[in-house]
Amino acid sequence: MNIEDKITLYALNALDADEQAAFELELQKSPQLRAKLAEERAIVASFAELAEPVTPSSKMQHQLMARIDADIVSRQPRLQTQTSVWANITNLWRSIAPVGAVFASVLALVMGIWAVNTQRELTQLRNEWAIISQPGTIAANVPPTNKQSSARATVFVTPGHNQAILSVANLSAVDTKQTYQAWLIRDGKPVPAGVFNTDATGSTQFIIKSDVPINGKELVGITIEQAGGAATPNMDKLMFVGPLT
Amino acid sequence: MDYTQFDDAALIAQIARQDRNAFEALYSRHAAQVLGVVMRLLGERSLSEDVAQEAFWRVWRLAKQFDVTRGNARAWVFSIAHHLAVDTLRKRKDGKNVELDAEDENGETRDLPDEMPEVLTQVWDKISGERVRTAIKQLPEAQQKVIELAYFNGLTHKEIASELNEALGTVHTRARLAIAKMRELLVDMGAKL
């Protein structure tokens, strides 16, 4: 098989897996080869016009846009948080620099805490990313029980997986003796899905963990409980409840 | 902003800046054709929608690597969808789990945008489906068959040779000549090559 054959067959996705991998190594080394391949791919792409268009379901668009929204959300607040942390450190440095070496150790401590926090955030981000990047991830808006409330809760879930992301916004602050608690409700039976608190704006993202795969037929609820959480939900303080799909 | 006036490359430049509306515009423009290609390969509606969705997700994720001055946006989108569909078809044929792997590094390497000679950029955005259909009908039947088996049946060159009971070299030649002839025909129809 000569190089022209390989380019054409690669553009058509008609090489075997082994041949394809070997050709990709050649491609990496040769800009000329990549340019030639690009020409072939453009022509091959025109074959797509031979297929009859099929209108996608609204579900497909909904799922896709939910992934996009989750991606946007997962990036923006964290960038702001890190910028804000950095600004704080800069301000702190300006204020303590004249005092000298004693305060340098304070700064080192702050930097250490910041590094730990950043590492935690990165780990959390990776975990969240692993969930929302799954094909078939859906976003369910869980309605507040008080219809006048501006609070919002969205669950990103891939049916068949044991984890989901709960994203909330505009929740009221609770005092230190209380906490928000998430519930998965299966066949009418509530199962604790973790406790969480919000930031100053009433927002947070929280990973719901389930002992069994989430099948999408569950309900999700959020209540306010005593700090540490409860084994059964306080229905007087039910803030959100709704289906996952 | 009225994104209907944007060409594909401009939309992808916006998508690289995390512009949700630009992404929706690109999706609206191509989703039906992308799903059409994927369904022609896979048949099954639900699986095809998963694959098409994954293709658009990769466009979103890799858009920042797309060079608007050197890439053919439309070819890139369809190339991602086609190879995902072919990979899925082959996994299914081999009895493997066809669940799409979002972290497939090899897949991502293949999905990176091409760098094209400038003269080719944007050419195919201007070619209608009717012109492509007219052009392909002018190919010799044997070449059409090879293209059909490769592009829409997802067969490898060896499988095509076996299916047609022809030598591998014959299949290679037909594939190469078909692409060259398509290029020539499309130029004759007004593509600026």
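Lettering of chains follows the sequences in order, A, B, ..., and the numbering in each one begins at 1.
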Near A:Asp211 CG, under 6.0 Å, is it more than 12 heavy atoms from other residues, nucleotides or ligands?
no

Do A:Glu4 and B:His172 have side-chain N/O donor and acceptor atoms under 3.5 Å apart?
no

Of the backbone (N, CA, C, O) and the side chain (C-beta and beyond), which part of B:Arg40 lies under 4.5 Å from a heavy atom of chain A, both, or neither?
side chain

So which residue, B:Phe152, B:Phe56, B:Phe78, ends up with the most heavy-atom pairs under 4.5 Å with chain A?
B:Phe152

State plainly whether the residues B:Arg176 and A:Glu40 are in salt-bridge range, i.e. N to O under 4.0 Å.
no

What are the two closest non-hydrogen atoms of A:Leu9 and B:Ala175, and how far apart are they?
CD2-CB, 4.3 Å

Okay, side chain of B:Glu49, backbone of A:Pro56: is any donor-acceptor separation there less than 3.5 Å?
no

Keeping B:Arg133 on the side-chain end and A:Glu49 on the backbone end, is there a donor-acceptor pair under 3.5 Å?
yes

May I ask you to name which of A:Ala45, A:Ala21, A:Ala11, A:Ala14 has the most heavy-atom pairs under 4.5 Å with chain B?
A:Ala14

Check whether B:Ile136 gets within reach of chain A through its side chain, its backbone, both or neither, counting any heavy atom under 4.5 Å.
side chain

Residue B:Leu149 versus chain A: region with a heavy atom under 4.5 Å
neither

SB check B:Arg183 A:Glu39 (cutoff 4.0 Å):
yes

Closer than 3.5 angstrom, by distance alone: can the side chain of B:Gln33 be matched with the main-chain N or O of A:Ala48 as a donor-acceptor pair?
yes

